[in-house]
Amino acid sequence: MMKISELPGDEDNGLTCRTYVFQNESHTLGNALKCIIDRYEDVQFCGYTVPHPAEAKMHFRIQTQETPTLDILKRGLTDLQKVCEHTIDLFEKEVKEFSKP
């Protein structure tokens, strides 16, 4: 299970500007999630950073016009899951087709 928290002190920015800290995650999740969330109409900024290679965490920043960032993050994770499931389905279909005698 993924552990996510907010960056301490970020609550002063309001619900439309937050940085979330993902434990035990890196560029793999960060880049994929950023590519999805960046396309949402209400998103003004979306980016991530891995503060230090020795730390197993990623900071993920979202800034919106009106939509709470937590809603955007949940939507992004759901959409990313759908993309992954679709990719797996296509892969398995192609493997099955390739393996036919």
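Nothing here was measured: the structure is a model prediction, and the numbers come from that model.
- Grouping the Ile, Leu, Val, Met, Phe, Trp and Tyr side chains by contacts below 4.5 angstrom, directly or via other members, places L15 apart from F45.
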Could you give me the CA-CA distance, side-chain angles and deciding distance for Q23 and V21, then say whether side chain to side chain contact (heavy atoms under 4.5 Å, CB included) is met?
-> CA-CA 6 Å; Q23 299 297 326; V21 180; 3.4 Å; yes
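- Here the shortest heavy-atom pairing between P51 and K57 reads CD-O, 3.5 Å.
- At a threshold of 4.5 Å between non-hydrogen side-chain atoms, the residues F60 and I4 do not count as touching.
- Each of T67, I62, T64, D42 was checked for a side chain to side chain contact (heavy atoms under 4.5 Å, CB included) with T16, and the lone residue meeting it is T64.
- Going from atom CG of L33 over to atom OH of Y20 covers 11.5 Å, rounded to the nearest 0.5 Å.
- Going from atom SG of C35 over to atom CG of D79 covers 13.0 Å, rounded to the nearest 0.5 Å.
- A distance of 9.5 Å separates CD of Q44 from CD of E66, quoted to the nearest 0.5 Å.
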Steps toward side chain to side chain contact (heavy atoms under 4.5 Å, CB included) verdict (F22, K3) = CA-CA 6 Å; F22 287 73; K3 184 177 178 192; over 6 Å; no
Checking side chain to side chain contact (heavy atoms under 4.5 Å, CB included) for the pair H86/L90: CA distance, chi angles, key distance, verdict?
-> CA-CA 6 Å; H86 178 70; L90 284 177; 3.3 Å; yes
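- Taking CD1 of I72 as the reference point, atom CD1 of I36 lies at 12.5 Å (rounded to 0.5 Å).
- To the nearest 0.5 angstrom, C46 atom SG is 9.0 Å from L73 atom CG.
- In this structure, the separation between OG1 on T49 and CZ on R61 is 12.5 Å, given to the nearest 0.5 Å.
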Kindly determine whether L70 and R18 satisfy side chain to side chain contact (heavy atoms under 4.5 Å, CB included), including the steps that lead there.
-> CA-CA 8 Å; L70 187 56; R18 294 286 167 101; over 6 Å; no
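- Atom CD of E85 has more than 12 neighbouring heavy atoms from other residues, nucleotides or ligands inside a 6.0 Å radius.
- Annotation: H27 is in aromatic contact with Y48 [ring centroid separation under 6.0 Å].
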